[in-house]
Amino acid sequence: MEIAENAALVVIDVQQGFEEVEYWGVRNNPEADENIAALIDAWQASGRPVVFTRHDSVTPDSPLRPGYEGNGFKEYVERRRGTGAAESELLVVKSVNSAFYGTPDLGAWLKAAGIGQLVMAGIQTNMCVETTSRMAGNLGYDVLVPFDATYTFGQKGPWGWELTAQELARATAVSLHGGGFAKVVTTDEVVKAASV
């Protein structure tokens with residue numbers, strides 16, 4: 001695996017509100033936060049660009065709504081923000097699943113910087129990570145998704161169908177990788193490749 005010198009790490013919605021178990025339910029992949037932190041550290045150490053996205057939910061009772069403490073980034077992300085090169089860090093605020101529909105315009109920023117490779121990490125695997133990765137793949141970016149640097153929660157669907165967090169995450173991995181939207185990899189593989 002090769003990581004471009006200007007590959008952007010996109011850290012999706014790593015916000016305090018996702019810690020509210022009574023709202024979201026049980027998550028998968030308890031190691032995700034440690035892996036996300038390792039990716040940010042590797043990117044900042046190498047001078048590569050890092051994009052942080054924040055979901056400003058329009059749902060009134062959402063733990064991610066603006067003005068509520070859950071809207072803020074988790075401590076380990078907030079501590080790392082602003083410690084890389086100023087010109088290579090971006091904050092995108094959005095209220096939908098895709099980071100390409102946020103402010104400022106992620107696509108325009110990537111194009112202006114000549115960035116063609118993206119590494120996606122964050123929350124939730126099957127929601128904003130998957131949607132942003134699919135869109136990036138459709139737009140022609142080379143997309144890598146370190147699966148163990150993402151997590152999600154179980155969900156109920158139609159006809160009483162219910163999937164666990166791990167089942168949903170695996171479905172996302174299969175759809176992204178098998179569908180050609182992204183290459184699903186591990187954090188360790190990405191960090192090693194970025195350090196060469």
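All values reported here derive from a predicted model rather than from experimental measurement.
- For Tyr23, the side chain to side chain contact (heavy atoms under 4.5 Å, CB included) criterion is met by Glu20, Thr59, Asp61, Ser62, Pro63, not counting sequence neighbours.
- Pairs of residues two or more places apart, or lying in two chains, that qualify as side-chain hydrogen bond (donor to acceptor under 3.5 Å, both in side chains) and include a residue from residues 97-121 are Gln117-Asp142.
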Please tabulate, for the side chains in residues 1-12, all donor-acceptor contacts under 3.5 angstrom to protein atoms that are two or more places apart in sequence or on a different chain.
residue, atom, partner, partner atom, Å
Asn6, ND2, Gly114, O, 2.9

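- Nearest approach of Ala173 to Val184, heavy atoms of both residues: O-CG2, 3.6 Å.
- Relative to the six-membered ring of Phe181, Arg134 meets both conditions, a distance below 6.0 Å and an angle of at most 45° to the axis.
- Comment: Asp56 does not engage Lys94 in a salt bridge, judged by the lack of any side-chain N to carboxylate O separation of less than 4.0 angstrom.
- Closest of all the heavy-atom pairs between Asn71 and His55 is ND2-O, 3.3 Å.
- Looking at heavy atoms from C-beta onward, Lys74 lies in side-chain contact with Glu19 at the 4.5 angstrom threshold.
- Scanning both residues, Ala37 and Tyr76, for their nearest heavy atoms gives CB-CD1, 3.8 Å.
- Contacts of Ala182 classified as side chain to side chain contact (heavy atoms under 4.5 Å, CB included), with partners at least two apart in sequence or in another chain: Val143, Val145, Leu176.
- In the displayed structure, Glu34 atom CD is contacted under 6.0 Å by at most 12 heavy atoms of other residues, nucleotides or ligands.
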| request: Might you work through the side-chain contact (heavy atoms from CB on, under 4.5 Å) test for Trp43 and Val119, ending with a clear yes or no? | output: CA-CA 10 Å; Trp43 250 249; Val119 175; 3.8 Å; yes
| message | Pair Arg170, Glu167 - check salt bridge (charged side-chain N to carboxylate O under 4.0 Å, His left out), show working. | response | CA-CA 5 Å; Arg170 285 183 178 179; Glu167 288 169 336; over 6 Å; no
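- Taking 4.5 Å as the limit, every side-chain heavy atom of Phe147 sits out of range of all side-chain heavy atoms of Thr172.
- Residues satisfying the side-chain hydrogen bond (donor to acceptor under 3.5 Å, both in side chains) criterion with Arg65, sequence neighbours excluded, are absent altogether.
- Applying the side-chain hydrogen bond (donor to acceptor under 3.5 Å, both in side chains) test to pairs two or more places apart or on separate chains, those with a residue in residues 175-186 are Thr186-Glu189.
- Inter-residue side-chain proximity for Asn126 and Tyr151 is flagged as unmet; no heavy-atom pair is nearer than 4.5 Å.
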| said: Show, in sequence, the C-alpha distance, side-chain angles and deciding distance for Thr125 and Thr150, and conclude whether the side-chain hydrogen bond (donor to acceptor under 3.5 Å, both in side chains) test is met. | reply: CA-CA 5 Å; Thr125 312; Thr150 74; 2.9 Å; yes
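- Nearest heavy-atom pair across Ile40 and Phe52 is CD1-CE2, 4.0 Å.
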